[in-house]
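These notes are about the structure you will find just below.
Just so you know, ligand 1 is whichever comes first in the structure, and atom 1 is the first atom listed for that ligand.
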Amino acid sequence: MRKKVIAGNWKMNMLPNETIKFIDDFAPLVKDSEAEIILCVPYVDLFYALLNTQETNIKIGAQNMHYEEKGAYTGEISGRMLKSVGVEYVIIGHSERRQYFGETDEIVNKKLKAAFEHGLKPIVCVGENLEQREKGIAEDVITKQTELALEGLSKDEVKDTIIAYEPIWAIGTGKTATSEDANNAIKAIRNKVAKLYGKAVAEEVIILYGGSVKSSNAAELFSTSDIDGGLVGGASLKPEEFAKIVNYDKQ
Ligand code: PEP
């Protein structure tokens, strides 16, 4: 039985004082959850988030990292740096990074490998855009992205990778994939993992859905056979709303 994982992606939102307030409000609301709860916060909030979640069941992640360990990469943050302050998770290859910052499948793969080298747990994002969906090639796109992201990882590393299926047309748009469509896309990703790394690995790998998840659709999405939880953007910025998503099974 795979554990449910519910991760918030704050993107470029929330100041340190807002982070502290959020955690004060949010932590008591989710203290009884059995899900793995992760907040992926901006770099400047990491310290405050780590400090304030110490006595809680909330884990902290970053939203990106560089694949090199150190060196002349002005403005970048390495996996080693994240690990050194106690970060546990890192989002890799979010569609906004692919779209606005030129991250290719090759870069995503390098970052994934670097995350494991530094003992971080990666949440790697894949997803088709609207044009690809309309052309009927969504499944090819997401299974290929998955294959390229995971290339060269060991079976154990693949097992420890969280994959987030995030159709780009559903991110921040209010449009959610139907639970059936999202579940089918995730099944296709799981089948690809089975083909490349074996059935046992595929049965264990956690695959999330992301794209306009909110408290009103979380239960339906997360109760399907293959969706193991969510990567949540906008709705993770409000403690009460995000807590309702985390507690989707207790409504
Ligand atoms: C995301 O950016 O990972 C995301 C899913 O955003 P939203 O929930 O706002 O669509």
Derivation and outcome, side-chain contact (heavy atoms from CB on, under 4.5 Å), residues Lys121 and Ile162: CA-CA 8 Å; Lys121 298 175 192 163; Ile162 296 176; 5.8 Å; no
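In terms of protein heavy atoms, atom 1 (C) of ligand 1 is closest to His94 NE2, 3.3 Å. In terms of protein heavy atoms, atom 8 (O) of ligand 1 is closest to Gly233 N, 2.8 Å.
Ligand 1 lies nowhere less than 4.0 angstrom from a heavy atom belonging to Ala235.
Interface atoms of ligand 1 facing Lys11, defined by a heavy-atom separation under 4.0 Å, are 1 (C), 2 (O), 6 (O). Heavy-atom proximity to Gly211, at under 4.0 Å, picks out these atoms of ligand 1: 5 (C), 10 (O). The distance from ligand 1 to the heavy atoms of Gly172 drops below 4.0 Å at these ligand atoms: 7 (P), 9 (O), 10 (O). Using a 4.0 Å cut-off to heavy atoms of Leu231, the atoms of ligand 1 that qualify are 3 (O), 5 (C). Near Ser212, meaning under 4.0 Å from one of its heavy atoms, ligand 1 places the atoms 7 (P), 8 (O), 10 (O).
At a heavy-atom distance under 4.0 Å, atoms from both the backbone and the side chain of Ile171 approach ligand 1.
Other residues, nucleotides and ligands place more than 12 heavy atoms under 6.0 Å from the NZ atom of Lys250.
In this structure, Thr176 and Ser212 approach most closely via the heavy-atom pair OG1-O, 3.3 Å.
A donor-acceptor pair shorter than 3.5 Å can be found between the side chains of Ser179 and Glu220. With 3.5 Å as the limit, one finds a donor-acceptor pair spanning the side chains of Glu166 and His94. In the model, Tyr67 has no side-chain atom that pairs as donor or acceptor with a side-chain atom of Glu117 under 3.5 Å.
Counting only distance, with no hydrogens or angles, the side chain of Asp226 and the backbone of Asn183 share no donor-acceptor pair below 3.5 Å.
In this comparison of Lys214, Lys175, Glu166, the heavy atom closest to atom 5 (C) of ligand 1 sits on Glu166. The nearest non-hydrogen atom to atom 9 (O) of ligand 1, considering only Gly234, Ala170, Ala7, comes from Gly234.
Residues Glu88 and Leu120 fail the side-chain proximity criterion, which asks for heavy atoms closer than 4.5 Å.
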